[in-house]
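Residue numbers start from 1 in every chain, and the chains themselves are labelled A, B, ... in the order their sequence lines are given, proteins ahead of strands.
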Amino acid sequence: MKTKLNPTWRELELGCTVVEAGTSAEYKTGDWRSFYPKTDEDKCIACGVCYLFCPDHSRHIAPRKKKVEGAMYTHYFDFNFQFCKGCGICAAECPTGAIVMIEEGKK
Amino acid sequence: MNETGYGIFAARMLPKDEPFVQGHRACQGCIPALMLRQITKAIGRDLIVCSATGCMEIISSPYPFNAWGVPWIHVAFENAAAVASGVEEGIEVLRRKGRFYTGRKPAVLALGGDGGTMDIGLQALSGALERGTDFVYVCYDNEAYMNTGIQRSSGTPMGASTSTSPAGRVSTGQVTWKKNLAEIGVAHNIPYVATACPSYPFDLMAKVKKAVEVKGPALLHVFAPCPTGWRCDANSGIKLGRLAVESGLFPLFEVVDGQHKISLDPATMRKSSQDPIGEIAGYLFQQGRFRHLKGRDELIQAIQERVRLEWQKLKAKTER
(Lines give C-alpha, C1' and ligand atoms only; values in the text may rest on other atoms or scores of the structure.)
Protein backbone atom coordinates (compact mmCIF):
# COMPACT_ATOMS: atom_id res chain seq x y z
CA MET A 1 0.00 0.00 0.00
CA LYS A 2 1.23 3.48 -0.82
CA THR A 3 1.48 5.66 2.26
CA LYS A 4 -0.52 8.86 1.98
CA LEU A 5 1.70 11.85 2.75
CA ASN A 6 -1.00 14.20 4.07
CA PRO A 7 -3.88 12.15 5.46
CA THR A 8 -7.06 13.92 6.52
CA TRP A 9 -8.24 13.56 10.11
CA ARG A 10 -10.77 10.92 9.08
CA GLU A 11 -8.00 8.75 7.62
CA LEU A 12 -5.72 8.98 10.65
CA GLU A 13 -5.25 5.88 12.77
CA LEU A 14 -6.25 6.08 16.42
CA GLY A 15 -3.46 7.85 18.28
CA CYS A 16 -1.73 8.71 15.00
CA THR A 17 0.01 5.37 15.05
CA VAL A 18 1.76 4.09 11.96
CA VAL A 19 0.33 0.60 11.52
CA GLU A 20 2.46 -0.56 8.62
CA ALA A 21 6.06 -1.57 9.15
CA GLY A 22 8.99 -0.31 7.16
CA THR A 23 7.13 2.22 5.02
CA SER A 24 10.16 4.49 4.78
CA ALA A 25 11.31 2.44 1.80
CA GLU A 26 8.78 4.50 -0.17
CA TYR A 27 10.75 7.64 0.63
CA LYS A 28 13.68 7.79 -1.76
CA THR A 29 16.63 9.52 -0.13
CA GLY A 30 18.71 9.25 -3.30
CA ASP A 31 17.94 12.81 -4.37
CA TRP A 32 19.91 14.17 -1.38
CA ARG A 33 23.07 13.12 -3.15
CA SER A 34 25.56 15.54 -4.68
CA PHE A 35 28.33 12.97 -5.27
CA TYR A 36 27.75 9.47 -6.54
CA PRO A 37 29.95 6.39 -6.09
CA LYS A 38 31.34 4.79 -9.22
CA THR A 39 32.80 1.28 -9.08
CA ASP A 40 35.72 0.16 -11.21
CA GLU A 41 34.62 -3.40 -11.98
CA ASP A 42 38.19 -4.51 -12.70
CA LYS A 43 39.48 -3.44 -9.29
CA CYS A 44 36.47 -4.72 -7.30
CA ILE A 45 37.20 -7.95 -5.40
CA ALA A 46 33.59 -8.44 -4.16
CA CYS A 47 34.69 -8.28 -0.50
CA GLY A 48 31.54 -6.47 0.62
CA VAL A 49 33.13 -3.80 2.81
CA CYS A 50 30.94 -1.20 1.08
CA TYR A 51 27.91 -3.34 1.92
CA LEU A 52 29.00 -3.68 5.56
CA PHE A 53 29.61 0.02 6.14
CA CYS A 54 26.73 1.59 4.19
CA PRO A 55 24.41 3.43 6.63
CA ASP A 56 21.64 3.67 4.02
CA HIS A 57 21.52 0.05 2.80
CA SER A 58 22.21 1.33 -0.68
CA ARG A 59 24.25 -1.82 -1.43
CA HIS A 60 22.56 -5.12 -1.87
CA ILE A 61 23.89 -8.58 -2.53
CA ALA A 62 23.21 -9.36 -6.16
CA PRO A 63 23.40 -12.98 -7.31
CA ARG A 64 25.69 -12.20 -10.21
CA LYS A 65 28.71 -14.26 -11.24
CA LYS A 66 32.09 -12.57 -11.22
CA LYS A 67 35.60 -13.91 -11.58
CA VAL A 68 38.13 -12.45 -9.14
CA GLU A 69 41.75 -13.62 -9.37
CA GLY A 70 40.74 -16.95 -10.81
CA ALA A 71 38.03 -17.69 -8.25
CA MET A 72 34.36 -17.49 -9.17
CA TYR A 73 32.09 -15.47 -6.91
CA THR A 74 28.34 -15.80 -7.09
CA HIS A 75 27.73 -12.98 -4.62
CA TYR A 76 28.36 -9.50 -5.77
CA PHE A 77 27.51 -6.14 -4.28
CA ASP A 78 25.45 -3.72 -6.31
CA PHE A 79 24.44 -0.11 -5.72
CA ASN A 80 20.88 1.02 -5.23
CA PHE A 81 20.96 4.67 -6.21
CA GLN A 82 17.41 5.28 -5.00
CA PHE A 83 18.71 5.39 -1.44
CA CYS A 84 22.41 6.33 -1.68
CA LYS A 85 22.92 9.70 0.05
CA GLY A 86 26.45 10.04 -1.28
CA CYS A 87 28.31 10.11 2.04
CA GLY A 88 31.39 8.49 0.53
CA ILE A 89 32.08 5.95 3.30
CA CYS A 90 32.28 3.17 0.67
CA ALA A 91 34.90 5.09 -1.30
CA ALA A 92 36.92 5.87 1.85
CA GLU A 93 36.82 2.29 3.14
CA CYS A 94 37.20 0.35 -0.13
CA PRO A 95 40.41 -1.71 0.35
CA THR A 96 41.35 -1.67 -3.33
CA GLY A 97 40.22 1.86 -4.13
CA ALA A 98 37.71 0.58 -6.66
CA ILE A 99 35.05 3.11 -5.65
CA VAL A 100 35.48 6.82 -6.40
CA MET A 101 33.05 9.62 -5.68
CA ILE A 102 32.06 11.68 -8.73
CA GLU A 103 29.99 14.82 -8.78
CA GLU A 104 26.44 14.33 -10.00
CA GLY A 105 26.01 15.19 -13.64
CA LYS A 106 29.61 14.32 -14.51
CA LYS A 107 30.75 11.02 -15.92
CA MET B 1 37.51 -11.15 16.46
CA ASN B 2 37.23 -14.77 15.40
CA GLU B 3 37.02 -16.07 18.93
CA THR B 4 33.45 -14.78 19.07
CA GLY B 5 32.18 -18.26 18.32
CA TYR B 6 29.72 -17.21 15.65
CA GLY B 7 32.11 -17.72 12.79
CA ILE B 8 30.90 -14.83 10.67
CA PHE B 9 33.82 -12.98 9.14
CA ALA B 10 32.72 -12.04 5.61
CA ALA B 11 30.01 -9.71 4.41
CA ARG B 12 28.43 -12.32 2.19
CA MET B 13 27.86 -14.61 5.19
CA LEU B 14 25.63 -12.09 6.93
CA PRO B 15 21.84 -12.46 6.87
CA LYS B 16 20.40 -10.59 3.90
CA ASP B 17 17.34 -9.48 5.82
CA GLU B 18 17.26 -5.80 6.82
CA PRO B 19 14.84 -5.23 9.72
CA PHE B 20 15.93 -1.57 9.83
CA VAL B 21 14.55 -0.44 6.49
CA GLN B 22 16.21 1.89 4.00
CA GLY B 23 14.84 5.35 3.38
CA HIS B 24 15.43 6.60 6.94
CA ARG B 25 16.38 10.27 7.12
CA ALA B 26 19.70 10.22 8.89
CA CYS B 27 22.39 12.66 7.76
CA GLN B 28 24.95 11.58 5.21
CA GLY B 29 27.44 9.20 6.78
CA CYS B 30 25.44 8.65 9.99
CA ILE B 31 27.23 5.97 12.02
CA PRO B 32 24.44 5.47 14.64
CA ALA B 33 22.10 4.52 11.75
CA LEU B 34 24.75 2.10 10.51
CA MET B 35 24.97 0.70 14.04
CA LEU B 36 21.19 0.12 14.09
CA ARG B 37 21.42 -1.65 10.76
CA GLN B 38 24.19 -3.93 12.03
CA ILE B 39 22.42 -4.62 15.33
CA THR B 40 19.07 -5.49 13.73
CA LYS B 41 20.87 -7.62 11.14
CA ALA B 42 22.52 -9.56 13.95
CA ILE B 43 19.35 -10.11 15.99
CA GLY B 44 16.86 -10.61 13.15
CA ARG B 45 13.11 -10.00 13.18
CA ASP B 46 12.50 -11.63 16.58
CA LEU B 47 12.81 -8.25 18.22
CA ILE B 48 10.86 -5.51 19.99
CA VAL B 49 12.52 -2.09 20.15
CA CYS B 50 11.83 0.60 22.77
CA SER B 51 13.43 3.81 21.64
CA ALA B 52 14.09 6.87 23.78
CA THR B 53 13.88 10.31 22.20
CA GLY B 54 16.98 11.03 20.19
CA CYS B 55 18.43 11.07 16.72
CA MET B 56 17.60 7.45 15.96
CA GLU B 57 13.98 7.96 16.98
CA ILE B 58 13.61 11.13 14.89
CA ILE B 59 15.22 9.83 11.73
CA SER B 60 13.38 6.51 11.73
CA SER B 61 9.85 7.79 12.33
CA PRO B 62 8.87 10.99 10.51
CA TYR B 63 5.10 10.69 10.16
CA PRO B 64 3.61 8.88 8.16
CA PHE B 65 6.71 6.78 7.50
CA ASN B 66 8.70 4.53 9.76
CA ALA B 67 11.91 2.69 9.11
CA TRP B 68 11.30 -0.28 11.38
CA GLY B 69 10.41 -3.70 10.11
CA VAL B 70 10.01 -4.85 13.72
CA PRO B 71 7.61 -3.75 16.52
CA TRP B 72 8.84 -0.40 17.77
CA ILE B 73 7.69 2.02 20.45
CA HIS B 74 8.85 5.57 21.03
CA VAL B 75 8.82 6.71 24.63
CA ALA B 76 9.98 9.78 26.52
CA PHE B 77 13.60 10.71 26.91
CA GLU B 78 14.10 9.25 30.36
CA ASN B 79 12.23 5.95 30.40
CA ALA B 80 13.35 3.69 27.53
CA ALA B 81 14.68 1.15 30.05
CA ALA B 82 11.52 1.32 32.18
CA VAL B 83 9.27 0.74 29.15
CA ALA B 84 11.50 -2.13 28.03
CA SER B 85 11.01 -3.68 31.51
CA GLY B 86 7.26 -3.36 31.02
CA VAL B 87 7.38 -4.91 27.57
CA GLU B 88 9.44 -7.80 28.89
CA GLU B 89 7.03 -8.36 31.81
CA GLY B 90 4.09 -8.24 29.41
CA ILE B 91 5.65 -10.89 27.20
CA GLU B 92 6.26 -13.04 30.28
CA VAL B 93 2.59 -12.77 31.35
CA LEU B 94 1.32 -13.57 27.83
CA ARG B 95 3.60 -16.58 27.70
CA ARG B 96 2.44 -17.80 31.11
CA LYS B 97 -1.18 -17.57 30.02
CA GLY B 98 -0.33 -19.31 26.76
CA ARG B 99 -1.83 -16.50 24.71
CA PHE B 100 1.11 -15.26 22.67
CA TYR B 101 4.86 -15.74 22.16
CA THR B 102 4.53 -19.33 23.31
CA GLY B 103 7.35 -20.40 21.03
CA ARG B 104 10.54 -18.39 20.93
CA LYS B 105 10.68 -15.33 23.13
CA PRO B 106 11.49 -12.13 21.22
CA ALA B 107 14.48 -10.06 22.22
CA VAL B 108 13.67 -6.74 23.88
CA LEU B 109 15.99 -3.92 22.90
CA ALA B 110 16.03 -0.52 24.60
CA LEU B 111 17.77 2.18 22.65
CA GLY B 112 19.05 5.49 23.94
CA GLY B 113 21.61 8.06 22.95
CA ASP B 114 24.37 9.22 25.25
CA GLY B 115 22.15 11.98 26.64
CA GLY B 116 19.17 9.66 26.97
CA THR B 117 21.32 7.12 28.78
CA MET B 118 24.03 8.88 30.76
CA ASP B 119 22.14 12.04 31.73
CA ILE B 120 18.38 11.72 31.54
CA GLY B 121 17.69 8.00 31.47
CA LEU B 122 20.28 6.87 34.01
CA GLN B 123 17.87 6.18 36.87
CA ALA B 124 15.45 4.21 34.68
CA LEU B 125 18.39 2.24 33.31
CA SER B 126 19.75 1.63 36.80
CA GLY B 127 16.32 0.45 37.94
CA ALA B 128 15.92 -1.96 35.05
CA LEU B 129 19.42 -3.36 35.56
CA GLU B 130 18.73 -3.76 39.28
CA ARG B 131 15.41 -5.58 38.68
CA GLY B 132 17.18 -8.07 36.44
CA THR B 133 14.93 -7.49 33.42
CA ASP B 134 15.88 -9.80 30.56
CA PHE B 135 16.65 -7.15 27.94
CA VAL B 136 19.46 -5.49 26.01
CA TYR B 137 20.16 -1.80 26.51
CA VAL B 138 22.09 -0.19 23.70
CA CYS B 139 23.55 3.26 24.28
CA TYR B 140 24.74 4.79 21.02
CA ASP B 141 27.30 7.32 22.08
CA ASN B 142 27.76 10.19 19.65
CA GLU B 143 29.09 12.37 22.47
CA ALA B 144 26.49 15.19 22.59
CA TYR B 145 22.79 15.91 22.11
CA MET B 146 23.12 15.91 18.32
CA ASN B 147 19.40 15.84 17.62
CA THR B 148 18.67 19.22 19.19
CA GLY B 149 21.79 21.00 17.98
CA ILE B 150 24.95 19.63 19.57
CA GLN B 151 24.52 20.50 23.24
CA ARG B 152 26.98 18.97 25.67
CA SER B 153 26.06 15.80 27.53
CA SER B 154 27.97 13.87 30.15
CA GLY B 155 29.27 11.72 27.30
CA THR B 156 31.06 14.66 25.70
CA PRO B 157 34.84 14.27 25.97
CA MET B 158 37.19 16.83 27.49
CA GLY B 159 38.00 19.72 25.17
CA ALA B 160 35.16 19.24 22.69
CA SER B 161 33.46 22.40 21.51
CA THR B 162 29.67 22.13 21.53
CA SER B 163 26.95 24.78 21.40
CA THR B 164 26.69 24.82 25.20
CA SER B 165 30.42 24.44 25.82
CA PRO B 166 31.75 26.67 23.03
CA ALA B 167 35.45 27.20 22.60
CA GLY B 168 36.72 30.75 22.56
CA ARG B 169 39.41 33.01 23.92
CA VAL B 170 38.87 31.85 27.50
CA SER B 171 37.03 28.54 27.21
CA THR B 172 38.62 25.38 25.81
CA GLY B 173 35.31 23.62 25.25
CA GLN B 174 34.03 20.88 27.52
CA VAL B 175 35.69 21.00 30.95
CA THR B 176 34.66 17.62 32.39
CA TRP B 177 35.64 14.06 31.53
CA LYS B 178 33.46 11.53 29.79
CA LYS B 179 31.24 9.37 31.99
CA ASN B 180 32.30 5.72 32.08
CA LEU B 181 28.97 4.04 31.33
CA ALA B 182 30.30 0.50 31.00
CA GLU B 183 31.71 0.56 34.53
CA ILE B 184 28.38 1.89 35.85
CA GLY B 185 26.81 -1.19 34.27
CA VAL B 186 29.46 -3.46 35.76
CA ALA B 187 28.77 -1.98 39.20
CA HIS B 188 25.19 -3.32 38.94
CA ASN B 189 26.60 -6.88 38.78
CA ILE B 190 24.72 -7.67 35.58
CA PRO B 191 25.69 -10.69 33.48
CA TYR B 192 26.87 -8.89 30.35
CA VAL B 193 28.40 -5.48 29.66
CA ALA B 194 30.31 -4.65 26.51
CA THR B 195 31.65 -1.73 24.53
CA ALA B 196 31.62 -1.86 20.74
CA CYS B 197 32.08 0.28 17.67
CA PRO B 198 30.50 -0.08 14.20
CA SER B 199 33.98 0.27 12.69
CA TYR B 200 34.45 -3.33 13.90
CA PRO B 201 31.15 -4.77 12.61
CA PHE B 202 31.68 -8.48 13.30
CA ASP B 203 32.81 -7.72 16.85
CA LEU B 204 29.69 -5.56 17.34
CA MET B 205 27.36 -8.20 15.91
CA ALA B 206 28.85 -11.00 18.00
CA LYS B 207 28.50 -8.86 21.14
CA VAL B 208 24.87 -8.08 20.29
CA LYS B 209 24.13 -11.78 19.83
CA LYS B 210 25.80 -12.62 23.13
CA ALA B 211 23.84 -9.86 24.86
CA VAL B 212 20.56 -11.24 23.50
CA GLU B 213 21.35 -14.80 24.49
CA VAL B 214 22.35 -13.90 28.03
CA LYS B 215 19.60 -14.41 30.60
CA GLY B 216 19.19 -11.12 32.41
CA PRO B 217 20.07 -7.53 31.58
CA ALA B 218 22.84 -6.70 29.15
CA LEU B 219 24.32 -3.27 28.50
CA LEU B 220 26.07 -2.28 25.29
CA HIS B 221 27.95 0.99 25.01
CA VAL B 222 28.48 1.67 21.32
CA PHE B 223 30.80 4.42 20.11
CA ALA B 224 29.12 5.99 17.09
CA PRO B 225 30.78 8.97 15.39
CA CYS B 226 28.46 11.74 14.18
CA PRO B 227 29.96 13.65 11.22
CA THR B 228 27.46 16.50 11.58
CA GLY B 229 28.11 17.14 15.25
CA TRP B 230 31.80 16.36 15.21
CA ARG B 231 32.36 18.75 12.32
CA CYS B 232 34.13 16.28 10.08
CA ASP B 233 33.70 14.84 6.60
CA ALA B 234 30.70 12.59 5.98
CA ASN B 235 32.99 9.78 4.86
CA SER B 236 35.23 9.82 7.96
CA GLY B 237 32.92 8.21 10.53
CA ILE B 238 34.27 4.67 10.20
CA LYS B 239 37.84 5.96 10.18
CA LEU B 240 37.30 8.05 13.33
CA GLY B 241 35.81 5.07 15.16
CA ARG B 242 38.83 3.03 14.25
CA LEU B 243 41.23 5.80 15.34
CA ALA B 244 39.43 6.17 18.68
CA VAL B 245 39.74 2.45 19.38
CA GLU B 246 43.33 2.18 18.20
CA SER B 247 44.47 5.20 20.20
CA GLY B 248 42.91 3.77 23.36
CA LEU B 249 40.35 6.57 23.73
CA PHE B 250 37.51 4.08 23.53
CA PRO B 251 38.76 0.59 24.47
CA LEU B 252 36.69 -2.36 23.25
CA PHE B 253 36.05 -4.85 26.03
CA GLU B 254 33.37 -7.10 27.39
CA VAL B 255 32.52 -8.04 30.95
CA VAL B 256 30.89 -11.44 31.39
CA ASP B 257 29.77 -12.08 34.99
CA GLY B 258 32.26 -9.55 36.32
CA GLN B 259 35.21 -10.90 34.33
CA HIS B 260 36.79 -8.21 32.15
CA LYS B 261 38.13 -9.26 28.78
CA ILE B 262 39.69 -6.88 26.26
CA SER B 263 38.37 -7.54 22.76
CA LEU B 264 41.01 -5.59 20.94
CA ASP B 265 44.35 -4.46 22.30
CA PRO B 266 45.37 -1.17 20.66
CA ALA B 267 49.04 -2.03 21.22
CA THR B 268 48.77 -4.89 18.73
CA MET B 269 47.20 -2.62 16.13
CA ARG B 270 50.04 -0.08 16.01
CA LYS B 271 52.12 -0.44 12.92
CA SER B 272 55.14 1.29 14.38
CA SER B 273 56.16 2.52 17.81
CA GLN B 274 54.71 5.96 17.21
CA ASP B 275 54.36 8.53 19.92
CA PRO B 276 50.96 7.91 21.52
CA ILE B 277 50.35 11.65 21.82
CA GLY B 278 50.72 11.96 18.08
CA GLU B 279 48.06 9.31 17.66
CA ILE B 280 45.60 11.15 19.89
CA ALA B 281 46.28 14.28 17.85
CA GLY B 282 45.58 12.33 14.68
CA TYR B 283 42.14 11.53 16.05
CA LEU B 284 41.45 14.97 17.50
CA PHE B 285 42.46 17.18 14.59
CA GLN B 286 40.32 15.41 12.02
CA GLN B 287 37.35 16.94 13.81
CA GLY B 288 36.27 20.56 13.85
CA ARG B 289 35.08 20.30 17.45
CA PHE B 290 38.71 19.91 18.62
CA ARG B 291 40.13 22.49 16.21
CA HIS B 292 40.81 25.03 18.97
CA LEU B 293 43.14 22.60 20.75
CA LYS B 294 45.93 23.33 18.25
CA GLY B 295 48.77 24.88 20.20
CA ARG B 296 47.24 23.91 23.58
CA ASP B 297 49.65 21.07 24.15
CA GLU B 298 49.06 20.88 27.91
CA LEU B 299 45.40 19.94 27.37
CA ILE B 300 46.29 17.31 24.78
CA GLN B 301 48.89 16.02 27.23
CA ALA B 302 46.22 15.84 29.95
CA ILE B 303 43.85 13.92 27.64
CA GLN B 304 46.65 11.51 26.73
CA GLU B 305 47.52 10.99 30.41
CA ARG B 306 43.88 10.26 31.19
CA VAL B 307 43.62 7.78 28.30
CA ARG B 308 46.74 6.01 29.53
CA LEU B 309 45.45 5.92 33.11
CA GLU B 310 42.05 4.52 32.07
CA TRP B 311 43.76 1.92 29.90
CA GLN B 312 45.98 0.83 32.81
CA LYS B 313 42.93 0.59 35.08
CA LEU B 314 41.16 -1.57 32.51
CA LYS B 315 44.25 -3.72 32.03
CA ALA B 316 44.50 -4.25 35.81
CA LYS B 317 40.88 -5.41 35.89
CA THR B 318 41.47 -8.03 33.21
CA GLU B 319 44.36 -9.47 35.15
CA ARG B 320 42.34 -9.87 38.30
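- The part of A:Phe83 that comes within reach of chain B is its side chain, from C-beta onward, which places non-hydrogen atoms under 4.5 angstrom from that chain.
- To the nearest 0.5 Å, atom CZ of residue B:Arg37 and atom SG of residue A:Cys54 are 6.0 Å apart.
- Taking chain B as the reference chain and counting heavy-atom pairs below 4.5 Å, the highest number among A:Ser24, A:Pro7, A:Cys87 is found for A:Ser24.
- In this structure, chain A has a heavy atom under 4.5 Å from the side chain of B:Ile31, while its backbone stays farther away.
- The residue from A:Val19, A:Val18, A:Thr17 that alone fulfils the side chain to side chain contact (heavy atoms under 4.5 Å, CB included) condition with B:Asn66 is A:Val18.
- If you measure heavy-atom distances from A:Asn6 to chain B, you find no contacts under 4.5 Å at all.
- Atom NZ of B:Lys239 and atom CD1 of A:Ile89 lie 10.5 Å apart (nearest 0.5 Å).
- Interface remark: of the candidates B:Pro198, B:Pro64, B:Gly29, B:Pro64 forms the most heavy-atom pairs closer than 4.5 Å to chain A.
- Across every non-hydrogen atom of A:Phe53 and B:Ile238, the tightest pair is CD2-CD1, 3.4 Å.
- Looking at A:Thr29, only its side chain comes within 4.5 Å of chain B, counting heavy atoms on both sides.
- Rounding to the nearest 0.5 angstrom, the gap separating the SG atom in A:Cys84 from the CD atom in B:Gln22 is 11.5 Å.
- Only the side chain of A:Ala92 comes within less than 4.5 Å of a heavy atom in chain B; its backbone stays farther off.
- Chain B forms more heavy-atom pairs under 4.5 Å with one residue of A:Ala21, A:Gly88, A:Gly22, A:Gly86 than with any other, namely A:Gly22.
- The NZ atom of B:Lys41 sits 8.5 Å away from the CG atom of A:Leu52 when rounded to the nearest 0.5 Å.
- Of the residues considered (B:Pro71, B:Ser199, B:Ser236), B:Ser199 shows the highest number of contacts with chain A, using heavy-atom pairs under 4.5 Å.
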